[in-house]
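The residues of the chain are indexed from 1 along the displayed sequence. Treat the numbers as computed from the prediction; the structure is a model and nothing was measured.
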Amino acid sequence: GWGSPGSLFPSTPRDSCKPLEAMVARVSQRAGVPSATKRGVRKAVTKAQVQKGAVRGKVVKPMSTEEWRKLQGGMAEKWPAPAYMEGPRNGRSHTSYRDETYEVVTRWSAETRIAYRPHAKAPGSKSHIRYEEYSRARTVAEALKFGSFPADWCWDYERGFIRVLGPVREEPLDISKVMDESRLTEVDRVIHRWHRRELAKSLGLKVEDLAVGKGSGESVLMRAHRLVAQRDAKAALEASRREGRKVREEEVLRVLRAWRFARNVTRLNVLPDGQDWVYSDTLGLLRDRAGVIHLTPATELYPEVAQLFNQYLLDRLPEEVQSFKWTTINVNCNYSAKLHRDGTNFGPSFIKAFGDFEGGLLKYWPEDDKKVDQLEQLKDRDAVSLNLKEQLGMFNGYCGHVVQPFEGERYTVVFFTSACFAKASEATKERQRELGFQYPAPDEDPHRLLRAPRGYKAGGGAVAPKGGKAVPAYRAYAAAEVDKGKPRCHGLRSKLVRNIAVKQGALKAKRGRAAGKS
């Protein structure tokens with residue numbers, strides 16, 4: 001399960017074979033046989049010599065298959081495989097490692113202490129000799145020194161042959177945040193190089209595309225999965241244009257499943273009790289902590305993802321709300337937002353949920369005018385519930401709302417206008433239009449599609465209307481109905497598509513230069 005060392009580091013195949021040759025030479029010396037030559041590495045160890053292999057620096061008694069089998073009694077219970085190995089492989093072959101395994105191994109450092117299951121591999125094989133040698137290791141640095149590689153660690157970990165004792169990093173090493181690379185250990189460098197190549201191979205990507213620029217905030221794993229989401233989004237857009245149809249819900253879901261979400265620690269108003277972060281990303285316009293208004297990096301790096309979400313909504317806007325405008329998309333994964341009010345929105349929001357889940361209704365107080373200081377004082381009887389799995393909903397985000405508990409896999413895509421929209425540069429506005437965002441006019445009326453909330457009486461219930469236009473406080477459309485018909489605005493103008501291609505080419509060239517440095 002470890003493959004050729006040369007396949008992990010093809011740029012220096014001869015050097016990468018030296019640990020294996022040194023290991024065989026040590027085993028041969030301890031077993032009383034001549035040292036192996038480079039050409040004779042595979043033939044250097046006979047079955048008899050395998051059984052005389054050295055462990056922890058001393059010659060051990062030959063081990064028969066029967067003796068080895070006896071030693072395995074109860075070992076599977078004492079050294080179980082990770083629980084996630086019982087789940088489906090989701091189309092992956094048996095030789096591909098799980099994402100969970102990558103998440104574990106890429107958190108290791110040179111100082112991480114590990115323990116190997118004794119004699120886990122059967123005698124009479126090359127893997128047995130190698131395992132007996134490197135299983136002496138008590139740290140990851142020693143495991144590398146004794147001739148094992150990251151692919152070995154993944155293989156052994158998935159089978160319960162390795163027990164991790166710590167310490168481990170809280171997050172995988174992000175090379176883009178390491179400004180002084182002299183502080184990187186050999187373990188850090190080996191894991192990083194291997195991880196990039198392994199991900200590229202398993203996901204059908206180019207290694208050079210996985211280069212992570214300084215300050216990008218993306219790990220290699222995040223970059224890889226987002227590239228797959230970008231590829232899927234581009235294919236879906238091309239298929240819908242070619243076939244003259246709307247973007248399908250399952251195409252959006254496929255992109256959401258491929259997308260690697262960031263751990264967002266800034267959305268304090270939605271954090272469920274007991275959680276320090278949620279999986280949430282923003283595409284489109286944003287005012288950062290320094291007050292600068294710009295497109296988020298993910299929007300520029302993965303433009304087709306934003307285009308796909310925008311086209312999905314454009315295709316489904318009912319006639320009476322086709323003037324809906326938005327500058328920003330919030331994408332969320334698998335959390336129940338606590339009762340909150342949004343503070344940086346202008347006008348209404350559209351929202352749709354995707355995935356295989358039960359529950360997760362959006363509970364919403366349409367007449368909440370913020371005069372109730374404590375959100376907990378809002379009355380349940382004044383709330384309405386939107387089934388976002390079956391409905392496309394429009395609501396005022398600055399009114400109180402909460403996501404009910406759910407079971408399963410739940411994503412939401414929220415379209416809204418950021419309150420800073422009027423201050424964005426003209427170049428930023430034009431770029432957003434290229435990506436399919438419907439940018440509002442400077443004098444946009446925030447209550448044109450949904451009226452302002454009327455507030456609640458002291459004893460409960462909405463305040464009676466005083467006349468005026470019959471504009472609702474919220475809207476809900478059956479997904480099955482808005483899915484029908486032809487797309488409203490199919491695709492982008494060819495000139496804009498060419499502009500996007502040019503900008504993507506420039507970004508790719510920039511990442512190629514970064515790859516040479518990393």
Asks: Would you give the length of the straight line joining atom NE2 of His294 to atom OG1 of Thr296, rounded to the nearest 0.5 angstrom?
Replies: 8.0 Å

Asks: Between Asn330 and Arg267, is any side-chain donor less than 3.5 angstrom from a side-chain acceptor?
Replies: yes

Asks: Compare all side-chain heavy atoms of Arg410 with those of Thr412 and state whether any distance is below 4.5 angstrom.
Replies: yes

Asks: Take atom CZ in Arg69; do more than 12 heavy atoms of anything else shown fall under 6.0 Å from it?
Replies: no

Asks: Taking the side chain from Asp156 and the backbone from Trp153, do they hold a donor-acceptor pair closer than 3.5 Å?
Replies: no

Asks: What's the spacing between Asn387 CG and Gln404 CD if we round to 0.5 Å?
Replies: 12.0 Å

Asks: Establish, yes or no, whether a centroid distance under 6.0 Å links the rings of Tyr312 and Phe415.
Replies: no

Asks: Quick one: does Lys363's side chain get under 4.5 Å of His401's, heavy atoms only?
Replies: no

Asks: Salt bridge check, Arg226 against Asp281: does any charged N sit closer than 4.0 Å to a carboxylate O?
Replies: yes

Asks: Between Leu205 and Leu199, is there a side-chain heavy-atom distance shorter than 4.5 Å?
Replies: no

Asks: Has Asp276 got more than 12 heavy atoms of other residues, nucleotides or ligands less than 6.0 Å from its CG?
Replies: no

Asks: Quick check against the 3.5 Å criterion: does His340 have a side-chain atom that pairs as donor or acceptor with the backbone of Val270?
Replies: no

Asks: Is it the case that the side chain of Arg130 and the backbone of Ser125 share a donor-acceptor pair, with hydrogens and angles ignored and the cut-off at 3.5 Å?
Replies: no

Asks: Please enumerate all residues that pass side chain to side chain donor-acceptor pair (under 3.5 Å) together with Asp273, with sequence neighbours excluded.
Replies: none

Asks: If we only count heavy atoms from C-beta on, is the Val190 to Pro150 side-chain gap below 4.5 Å?
Replies: yes

Asks: To the closest 0.5 Å, what do you measure between CD (Gln275) and NZ (Lys338)?
Replies: 10.5 Å

Asks: Would you say Glu358 has more than 12 foreign heavy atoms packed within less than 6.0 Å of its CD?
Replies: no

Asks: Tell me, with the steps shown, if Arg169 and Trp108 meet side-chain contact (heavy atoms from CB on, under 4.5 Å).
Replies: CA-CA 6 Å; Arg169 291 187 171 93; Trp108 294 355; over 6 Å; no

Asks: Any donor-acceptor pair under 3.5 Å linking the side chain of Thr299 with the backbone of Gly284?
Replies: yes

Asks: Treating Lys206 as the side-chain partner and Ala200 as the backbone partner, does any N or O pair qualify as donor plus acceptor under 3.5 Å?
Replies: no

Asks: So, are Arg193 and Asp188 salt-bridged, with charged N and O less than 4.0 Å apart?
Replies: no

Asks: Do Leu286 and Leu295 have side chains that approach each other closer than 4.5 Å (heavy atoms only, starting at C-beta)?
Replies: no

Asks: Any chance you could measure Trp259, atom CH2, to Met222, atom CE, to the nearest 0.5 Å?
Replies: 8.5 Å

Asks: Can you tell me if Tyr97 and Ser202 form a side-chain donor-acceptor pair at under 3.5 Å?
Replies: no

Asks: Looking at Arg136, is its backbone amide N or carbonyl O close enough to the side chain of Arg138 to form a donor-acceptor pair, meaning the two atoms are under 3.5 Å apart?
Replies: yes

Asks: Could you tell me which non-hydrogen atom of Arg223 sits nearest to which non-hydrogen atom of Tyr302, and how far apart they are?
Replies: NH1-OH, 3.0 Å

Asks: Just say parallel, tilted or perpendicular for the rings of Tyr102 and Trp194, cut-offs at 30° and 60°.
Replies: tilted

Asks: Measure the CG-CG distance between Leu237 and Asp232 for me, rounded to the nearest 0.5 Å.
Replies: 11.0 Å

Asks: Got Asp315 and Gln311 here, is their nearest side-chain heavy-atom distance under 4.5 Å?
Replies: yes

Asks: For Lys78, enumerate each residue passing the salt bridge (charged side-chain N to carboxylate O under 4.0 Å, His left out) test, keeping only those at least two apart in sequence or located in another chain.
Replies: none

Asks: Any carboxylate oxygen within less than 4.0 angstrom of a Lys/Arg side-chain nitrogen, looking at Glu251 and Arg245?
Replies: yes

Asks: Output all residues satisfying ring-ring contact (aromatic ring centres under 6.0 Å, His included) with Tyr134, sequence neighbours left out; order by chain, then residue number.
Replies: Tyr116, Tyr131

Asks: Between Arg241 and Glu238, is there a side-chain N and carboxylate O pair less than 4.0 Å apart?
Replies: no

Asks: With a 4.0 Å cut-off on N to O distance, would you call Asp356 and Arg257 a salt bridge?
Replies: no

Asks: Return the minimal non-hydrogen interatomic distance between Leu283 and Ala298, and the atom names on each side.
Replies: CD2-CB, 3.8 Å

Asks: Is any side-chain heavy atom of Glu100 less than 4.5 Å from a side-chain heavy atom of Val104?
Replies: no

Asks: Would a distance-only check, ignoring hydrogens and angles, find a side-chain to backbone donor-acceptor pair under 3.5 Å from Thr112 to Pro167?
Replies: yes

Asks: Arg107: what forms a salt bridge (charged side-chain N to carboxylate O under 4.0 Å, His left out) with it, not counting sequence neighbours?
Replies: Glu103, Glu171

Asks: Run the side-chain contact (heavy atoms from CB on, under 4.5 Å) check on Ile329 and Asn310 step by step: do they pass?
Replies: CA-CA 9 Å; Ile329 304 172; Asn310 286 332; 3.2 Å; yes

Asks: Going from CE on Met75 to CH2 on Trp79, what distance comes out if it is rounded to the nearest 0.5 angstrom?
Replies: 8.0 Å

Asks: Mind checking salt bridge (charged side-chain N to carboxylate O under 4.0 Å, His left out) for Glu249 and listing every partner two or more places apart, or none if nothing turns up?
Replies: Lys352

Asks: Using atom types as modelled and distance alone, determine if a side-chain donor or acceptor of Asp288 lies under 3.5 Å from a backbone N or O of Ala290.
Replies: yes

Asks: Determine whether the side chains of Glu409 and Tyr411 contain a donor N or O and an acceptor N or O closer than 3.5 Å.
Replies: yes

Asks: Got Glu66 and Lys70 here, is their nearest side-chain heavy-atom distance under 4.5 Å?
Replies: yes

Asks: I need the full list of salt bridge (charged side-chain N to carboxylate O under 4.0 Å, His left out) pairs touching residues 109-120, with sequence neighbours left out, sorted by first then second residue.
Replies: none

